[in-house]
Amino acid sequence: MITFAIIFAISYIWHALGITLGYHRLLSHRSFKANKFLEYVLVLGGYLAFEGSPIWWIAIHRAHHKHVDTPQDPHTPLLGWWESLYGWMMKDTYPNHIVPAKSCPDLMQDPIYKFLEQDGNWKRNHALALVLNLLFRAIIWATFGWMPALASLFAGVIVLQVPLLLNFVCHIPKLGYKNYESNNDGVNVWWVGILALGEGWHNNHHEYPGAARNGFKWFEIDMSWYFLLLFRSLGLASNINPGPKELYTKKVQIRKVRRRYSRRLSRAA
Ligand SMILES: [Zn+2]
Ligand SMILES: [Zn+2]
């Protein structure tokens, strides 16, 4: 049982970091630079949590930011809970307004990402991801036995649910709070922040999508950010976008943020 728990915990962290740092903060937002070794280790962690083709994920995510909480947002809760959680994935291909060649030219250069993308055919790229995910667990089973394989599978399936849940929960205003008044429904939700290793501070993220840090207040724990600082100290990551300057200026940080926010409000009015 202890072996199961340890393998589950290590797998959970690897898969979750694969999504938060790999798919999201690195590939989607380019909020830091990673050497190719770290990039592939992270992206593999995300892919083995059933996340699907990186190009597919990132094309959808960039469209989410661009069209947030409008009918063109692929998974806004305004489309209904089923569509927002799972329904949006069950299509044959991209909607007309999402063209990966245009929104993700940076990722199209990479032959591995291009192969996993399967020419934009969603059924094929999801099927390929499923087969490779199961094959990975089969190899663990054959090499180390059924318990590590089951722990790894369990971690992958649970981590898969987290960003799906985040897309829904963190866009329902009454379930969280805002540090910034924004033009979308993104909110900070503490328990998603914990489960998603720092990604639940979603109002902060929509305000500063280019920041590699998502937790802004002292209690907004952002495990992915701490891991990123560790990777930087090991020489694996650089050019980190630390987020707004206000966060690093003594204790007046949040008041400054608030002032900025009220200025925005008065401009809007
Ligand atoms: Zn969002
Ligand atoms: Zn994002």
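A quick note: this is a predicted structure, and the numbers were derived from the prediction, not measured. Numbering of ligands and ligand atoms starts at 1, following listing order.
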Rounded to 10 degrees, the angle NE2 of His29 makes with NE2 of His61 at the Zn ion (ligand 2)
100°
Answer yes when Lys91 and Glu83 have at least one side-chain N-carboxylate O distance shorter than 4.0 Å, and no when they do not.
yes
salt_bridge(Asp106, Arg62) N-O dist < 4.0 Å:
yes
Looking at the Zn ion (ligand 2), is one of the N, O or S atoms of His64 less than 2.8 Å from it?
no
So, His202 and the Zn ion (ligand 1): N/O/S under 2.8 Å, yes or no?
yes
When you measure from the Zn ion (ligand 1) to the N, O or S atoms of His65, does any of those distances fall below 2.8 Å?
no
Presence of salt bridge, Asp119 and Arg124, under 4.0 angstrom:
yes
Within His206, is some N, O or S atom less than 2.8 Å away from the Zn ion (ligand 1)?
yes
Distance-only, no hydrogens or angles: does the Asp185 side chain make a donor-acceptor pair with backbone N or O of Pro173 under 3.5 Å?
no
What atom name does the N, O or S atom of His205 nearest to the Zn ion (ligand 2) carry?
NE2
Can you label the angle between the Phe8 ring and the Phe4 ring as parallel, tilted or perpendicular, going by 30° and 60°?
parallel
